[in-house]
Amino acid sequence: MSIEKKQQLTAEQLGILNSEMEKNKKSVGVAYALWFFLGSLGIHKFYLNQTGWGITYIALLILGLITTEIGVGLLILALLGFFLLYDLFTIPKQVRIAYEEEEQQIIDKLLGTETQKGEQA
């Protein structure tokens with residue numbers, strides 16, 4: 001997060017930022033619950049706005065299950081298992097990164113909107 005950009009916000013913009021962040025707040029507990037119950041489907045990745053990784057998890061699961069009979073599937077499922085094990089230890093960091101990225105997007109939007117209003121005046 002850029003502290004300099006956050007300091008450029010007015011009091012009204014800070015209020016908007018806090019309100020938006022409260023609405024979009026991600027929970028470590030929810031992320032772990034999704035990982036535990038639906039991790040092999042990558043649902044926890046979708047929750048953390050990591051759509052590409054979520055799709056990858058689904059693809060690995062499907063491909064692994066389809067190709068299990070020819071032996072390759074076990075390697076693919078092992079790779080998926082490795083990714084899930086990695087997530088087990090990094091979910092708090094992933095939640096923090098998702099929060100910071102969301103905050104940065106909102107700040108950029110607020111500053112961009114403010115710049116456009118100033119240019120029009």
Side-chain angles (χ1 to χ4, degrees):
M1 174 188 61
S2 174
I3 295 174
E4 297 83 26
K5 283 188 176 183
K6 196 170 182 179
Q7 291 174 342
Q8 294 175 7
L9 297 176
T10 65
E12 180 183 348
Q13 290 171 325
L14 282 172
I16 293 169
L17 173 65
N18 291 333
S19 172
E20 288 296 314
M21 291 308 299
E22 194 60 37
K23 284 193 293 189
N24 298 319
K25 190 175 184 181
K26 305 292 184 196
S27 163
V28 172
V30 170
Y32 270 120
L34 292 172
W35 172 88
F36 184 79
F37 292 108
L38 300 167
S40 59
L41 293 172
I43 302 302
H44 62 293
K45 292 294 192 177
F46 290 106
Y47 174 72
L48 296 173
N49 299 325
Q50 299 175 1
T51 306
W53 276 108
I55 292 169
T56 301
Y57 279 45
I58 291 172
L60 286 173
L61 178 64
I62 292 171
L63 190 60
L65 293 175
I66 290 173
T67 59
T68 300
E69 292 181 16
I70 59 174
V72 177
L74 293 177
L75 292 173
I76 295 171
L77 291 174
L79 178 63
L80 177 60
F82 172 77
F83 287 150
L84 289 168
L85 186 62
Y86 175 81
D87 287 341
L88 174 64
F89 296 102
T90 62
I91 281 180
K93 181 180 177 182
Q94 292 179 46
V95 169
R96 186 176 63 251
I97 289 170
Y99 179 89
E100 289 170 357
E101 288 175 352
E102 182 73 26
E103 185 178 55
Q104 190 61 50
Q105 288 177 357
I106 294 170
I107 289 171
D108 289 343
K109 190 175 180 180
L110 287 169
L111 290 174
T113 303
E114 188 65 22
T115 303
Q116 291 173 359
K117 285 181 183 177
E119 291 173 355
Q120 292 174 353

> Got a sec, which residues hit side-chain contact (heavy atoms from CB on, under 4.5 Å) with Y99, two or more places apart in sequence or on another chain?
Replying inline: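 So Y99 forms a side-chain contact (heavy atoms from CB on, under 4.5 Å) with M21, E103.
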
>> Does either side chain, that of D108 or that of Q104, offer a donor lying less than 3.5 Å from an acceptor on the other one?
In response: yes

Could you note down all residue pairs passing salt bridge (charged side-chain N to carboxylate O under 4.0 Å, His left out) where [range] supplies at least one of them, sequence neighbours left out?
range          : answer
residues 50-66 : none
residues 53-76 : none
residues 52-62 : none

Determine, using the 4.5 Å side-chain heavy-atom cutoff (strictly less than), whether [X] and [Y] are members of one ILVMFWY cluster.
X   : Y   : value
L75 : L84 : no
L74 : F82 : no
I43 : I55 : yes
L88 : I97 : no

At what distance, to the nearest 0.5 angstrom, does [atom1] of [X] lie from [atom2] of [Y]?
X    : Y    : atom1 : atom2 : answer
L110 : E12  : CG    : CD    : 9.5 Å
L79  : L77  : CG    : CG    : 9.5 Å
T10  : L111 : OG1   : CG    : 9.0 Å
Q50  : T56  : CD    : OG1   : 10.5 Å
N18  : I106 : CG    : CD1   : 9.5 Å
I107 : I16  : CD1   : CD1   : 12.5 Å

> By side chain to side chain donor-acceptor pair (under 3.5 Å), which residues pair with K23, not counting sequence neighbours?
Replying inline: E20

> Would you say the side chain of K6 lies within less than 4.5 Å of the side chain of L14, judging by non-hydrogen atoms?
Replying inline: yes

>> Please report whether the ring centroid of F83 lies less than 6.0 Å from that of W53.
In response: yes

>> Under the side chain to side chain donor-acceptor pair (under 3.5 Å) definition, can you give me all pairs with a residue in residues 24-38, not counting sequence neighbours?
In response: N24-E102

>> Give me each pair satisfying side chain to side chain donor-acceptor pair (under 3.5 Å) with a member in residues 72-91, each pair once, sequence neighbours excluded.
In response: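 Applying side chain to side chain donor-acceptor pair (under 3.5 Å) to every pair that reaches into residues 72-91, excluding sequence neighbours, yields H44-D87, K45-D87, Y57-D87, D87-Q94, T90-Q94.
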
In a table with atom names and distances, give each donor-acceptor pair under 3.5 Å that connects a side chain of residues 58-65 to protein atoms at least two apart or in another chain.
none

>> Please evaluate residues Q7 and I3 with respect to the criterion side chain to side chain contact (heavy atoms under 4.5 Å, CB included), reporting the C-alpha separation (whole Å), side-chain torsions for both, the decisive distance (0.1 Å), and the verdict.
In response: CA-CA 6 Å; Q7 291 174 342; I3 295 174; 3.6 Å; yes

